[in-house]
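The structure under discussion is supplied below as structure tokens; questions concerning it will follow.
In what follows, chains are A, B, ... by sequence order, proteins preceding strands, each numbered from 1. Just so you know, these numbers use all the heavy atoms, side chains as well, and skip hydrogens, waters and symmetry mates.
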2 protein chains.
Amino acid sequence: MATTEVPDIVIGRLPIYLRALTLMDEAGQEFTSSQELGQKLGIGSAQIRKDLSHFGEFGKQGTGYEIKYLREQISKILHVDRDWSVALVGFGDLGQAIANYAGFANEGFHIQAIFENDSTKIGQKVNDQVVVEDITGLSERITQQKIKIAIVAVPAPVAQEVADKLVDAGVKAILSYAPITLSIPDTVRVQYIDPVTHMQRMTYYLD
Amino acid sequence: MATTEVPDIVIGRLPIYLRALTLMDEAGQEFTSSQELGQKLGIGSAQIRKDLSHFGEFGKQGTGYEIKYLREQISKILHVDRDWSVALVGFGDLGQAIANYAGFANEGFHIQAIFENDSTKIGQKVNDQVVVEDITGLSERITQQKIKIAIVAVPAPVAQEVADKLVDAGVKAILSYAPITLSIPDTVRVQYIDPVTHMQRMTYYLD
DNA sequence: TAGATTGTTAATCGATTAACAATC
DNA sequence: TAGATTGTTAATCGATTAACAATC
């Protein structure tokens, strides 16, 4: 089927499918079905089949999906069948935890540049490879290295300013840990991580 | 209006509204409108009015919403007009960053118990108040302190096991940083934070 | 073949949006 | 009063789900 603009909500589920498939693969499992996958994820089997149908046919009647194959296909669809260079802005507690987090590198997201404005942190070497740079050199470095993805881990009051610089430098995707809604041209993707909003979404149901 | 089961997607937007209102309040602003709020958040004004209408009438024709008042009301709706005790399981890099993160306490989420299984970390004092405990004492301690919210910051392979213990101990809301979908009774709320899935959701749009 | 499961269609369900009377 | 903005209704839009022919 041709690409008739796949809904973003579908794109949002693909990484979840991918994660589950990777787990099954690592467990040595070879095949799965939309039913089994849905069961594990708390999602209807019809939804999984519908989601996948936006991109092609990946299964076989009677036997379901070959895990390795489907995994590869979803990786390609999401463009994660390659390595990505990532810039990290902010090297406080949070930034440091992010820089040390192995999960990114494992999935091909490599932090290749780190920026800070606290002079005591500049020059520090992280993981024996990346040196913390002064934030004033952000635009030049990002443009030069053609980095397209950035992580924002600075305090809320400066996050918008940082985002503006990133956009100017050509960044096309921002993962922001700052608890504010950024104003960003719609040619640039943004995703937010704010643990507090997640908490507040749950307390509604508690008494 | 009576509560005819408010959609969860609406509940999910309330913390965002609350965050924006807090920001405006701190900036000294007194009134806002659904239009202004929507503009700042990239959401339609009709949607904001519709969302709020599930809970009552909070504005005035012609002038809009008094920020302090609306903020208070949303806080009450979300049950964040109080303090919450939180248990943290896992005190590795991520757990430590979470324990040090001021954002939780600022919003009334206080980490009152921390559990680990690495004996070298047990007994350590965090922020001059909470002592890292052996995970074997988890059930007793959580039951005893009647803690209803927990943060899971353990490696994926043990996350399900930890979640089961938390549920047994009476926890009703789990914020999980483990990159797996947990199997949890639907009497317990779960929210996930997985930065990698957010990244993968964006790379789809990059080339 | 008999059983299982796909991909897809059509029906249902739910959420968003536009429009406007009410009213501050 | 004139202008602005609410809360709500109805229309639209989009997503989920059920059902099933196709087929491995």
Side-chain angles (χ1 to χ4, degrees), chain A residues 1-17 20-21 24 29-71 73-74 77 181 186 201 204, chain B residues 1-17 20-21 24 29-71 73-74 77 181 186 201 204:
Chain A
M1 186 202 241
T3 317
T4 322
E5 194 67 10
V6 181
D8 182 64
I9 198 163
V10 172
I11 304 304
R13 282 190 293 262
L14 295 185
I16 308 296
Y17 300 164
L21 291 166
M24 292 179 186
Q29 193 177 336
E30 287 196 46
F31 292 90
T32 189
S33 64
S34 57
Q35 179 153 83
E36 186 190 40
L37 199 50
Q39 160 101 42
K40 281 194 206 280
L41 300 175
I43 285 178
S45 64
Q47 179 161 87
I48 291 174
R49 295 198 302 278
K50 188 90 211 291
D51 284 354
L52 295 177
S53 76
H54 286 100
F55 306 97
E57 309 190 353
F58 306 104
K60 247 200 270 219
Q61 287 99 326
T63 54
Y65 304 91
E66 205 215 315
I67 290 174
K68 270 193 205 305
Y69 177 72
L70 184 56
R71 214 188 139 190
Q73 294 305 306
I74 296 182
I77 292 166
T181 300
D186 60 9
R201 186 176 186 158
Y204 171 78
Chain B
M1 187 201 242
T3 316
T4 321
E5 194 66 12
V6 181
D8 181 64
I9 197 161
V10 172
I11 304 303
R13 282 190 293 263
L14 296 184
I16 308 295
Y17 299 165
L21 290 165
M24 292 179 186
Q29 194 178 336
E30 287 195 44
F31 293 90
T32 189
S33 63
S34 57
Q35 180 154 81
E36 186 190 40
L37 200 50
Q39 159 99 43
K40 280 194 208 281
L41 300 176
I43 285 178
S45 63
Q47 179 161 85
I48 291 175
R49 295 197 301 280
K50 188 93 212 289
D51 284 354
L52 295 176
S53 77
H54 286 99
F55 306 98
E57 308 190 354
F58 306 103
K60 246 198 270 216
Q61 287 98 327
T63 53
Y65 303 92
E66 206 214 316
I67 290 172
K68 268 193 208 306
Y69 176 72
L70 183 56
R71 216 189 135 189
Q73 294 304 306
I74 296 181
I77 292 165
T181 300
D186 62 8
R201 187 176 186 158
Y204 171 77

Between residues 31-43 of chain A and DNA chain D, which residues have a heavy-atom gap below 4.0 Å?
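Residues of residues 31-43 of chain A that come under 4.0 Å of DNA chain D do not exist, since none gets that close.
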Any A:Y65 side-chain N or O less than 4.0 Å from OP1/OP2 of C:dA4
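Looking at the OP1 and OP2 atoms of C:dA4, neither is under 4.0 Å from any side-chain N or O of A:Y65.
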Could you report the tightest heavy-atom contact between B:K40 and A:T181, atom names first, then the distance?
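Closest approach of B:K40 to A:T181: O-CG2, 3.7 Å.
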Give the minimum heavy-atom separation between B:A20 and B:L37, together with the two atoms involved.
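Result for this residue pair: CB-CD1, 3.8 Å.
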Take the protein atom CG of B:L70 and the nucleotide atom P of D:dT6, then report the distance between them rounded to whole Å.
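Roughly 10 Å, once rounded to whole Å.
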D:dT6 P sits how many Å from B:I48 CD1, rounded?
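It is 9 Å, rounded to the nearest whole Å.
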Which of these nucleotides, C:dT16, C:dT8, D:dT17, is closest to any side-chain atom of A:Q47?
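When the side chain of A:Q47 is considered, D:dT17 is the closest of C:dT16, C:dT8, D:dT17.
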Contacts of A:K68 that satisfy salt bridge (charged side-chain N to carboxylate O under 4.0 Å, His left out) - sequence neighbours left out:
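Salt bridge (charged side-chain N to carboxylate O under 4.0 Å, His left out) check on A:K68 returns A:D25.
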The side chain of B:R49 lies closest to which of these nucleotides: D:dT6, C:dT8, C:dT17?
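Among D:dT6, C:dT8, C:dT17, the one nearest the side chain of B:R49 is D:dT6.
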Using a cut-off of 6.0 Å, state whether more than 12 heavy atoms not belonging to B:Q39 lie near its atom CD.
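Not more than 12 within 6.0 Å, no.
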Just jot down the side-chain contact (heavy atoms from CB on, under 4.5 Å) partners of A:F31, sequence neighbours excluded, or say none.
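A:F31 satisfies side-chain contact (heavy atoms from CB on, under 4.5 Å) with A:E66 once adjacent residues are dropped.
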Aromatic rings B:F58 and B:Y69: how do their planes relate, parallel, tilted or perpendicular, breaks at 30° and 60°?
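Judged by the thresholds at 30° and 60°, the geometry between B:F58 and B:Y69 is tilted.
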For B:F55 and D:dG7, give me the distance from atom CZ to atom C1', rounded to whole Å.
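Those two atoms, CZ and C1', are 15 Å apart.
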Do B:K50 and B:V10 have side-chain heavy atoms sitting under 4.5 Å apart?
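Side-chain contact under 4.5 Å: no.
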Do B:I11 and B:I77 come within less than 4.5 Å of each other through their side chains, counting heavy atoms only?
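Not touching, per the 4.5 Å side-chain cut-off.
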Sequence neighbours left out, what pairs pass salt bridge (Lys or Arg N to Asp or Glu O under 4.0 Å) with at least one residue falling in residues 8-17 of chain B?
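Output for this query lists A:R201-B:D8, B:D8-B:R189, B:R13-B:D51.
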If we only count heavy atoms from C-beta on, is the B:I43 to B:Y17 side-chain gap below 4.5 Å?
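Side-chain contact under 4.5 Å: yes.
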What nucleotide among C:dA19, C:dG7, C:dA15 has an atom nearest to a side-chain atom of B:I9?
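Ranking C:dA19, C:dG7, C:dA15 by closest atom to the B:I9 side chain puts C:dA15 first.
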B:E66 CD to D:dT6 P, straight-line distance once rounded to whole Å
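These atoms are roughly 14 Å apart.
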Whole angstrom is fine here: how far is it from NE2 in A:H54 over to C1' in D:dT16?
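Answer to the nearest Å: 11 Å.
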For A:T32, which residues count as a side chain to side chain donor-acceptor pair (under 3.5 Å) partner, sequence neighbours excluded?
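By the side chain to side chain donor-acceptor pair (under 3.5 Å) rule, A:T32 matches A:E36.
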Is there a side chain to side chain contact (heavy atoms under 4.5 Å, CB included) between A:L21 and A:Y65? Walk through the geometry before answering.
CA-CA 10 Å; A:L21 291 166; A:Y65 304 91; over 6 Å; no
Stems in DNA chain D: runs of 3 or more consecutive Watson-Crick or G-U pairs, distances under 3.5 Å?
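Runs of three or more consecutive pairs: C:3-24 with D:3-24.
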Nearest whole Å is fine: how far is C:dG7 C1' from A:E57 CD?
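Computing the A:E57:CD to C:dG7:C1' distance gives 6 Å.
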Apply side chain to side chain contact (heavy atoms under 4.5 Å, CB included) to the pair B:Q73 and B:L52, showing each step before the final yes or no.
CA-CA 10 Å; B:Q73 294 304 306; B:L52 295 176; over 6 Å; no
If the condition is side chain to side chain donor-acceptor pair (under 3.5 Å), which residues does A:R49 pass it with, not counting sequence neighbours?
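Expected list: A:S34, A:S45.
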Please list, for nucleotides 22-24 of chain C, all pairs of protein and nucleotide N/O atoms separated by less than 3.5 Å.
residue	atom	partner	partner atom	Å
C:dT23	O4'	B:Q61	NE2	3.2
C:dC24	O2	B:Q61	O	3.3

Please classify the nucleic acid contact of B:G44 as base, sugar-phosphate, or nothing, using heavy-atom distances under 4.0 Å.
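Nothing: the residue B:G44, judged by heavy atoms under 4.0 Å, touches no strand.
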Each nucleotide N or O in nucleotides 9-14 of chain D that has a protein N or O under 3.5 Å away: list the pair and distance.
none

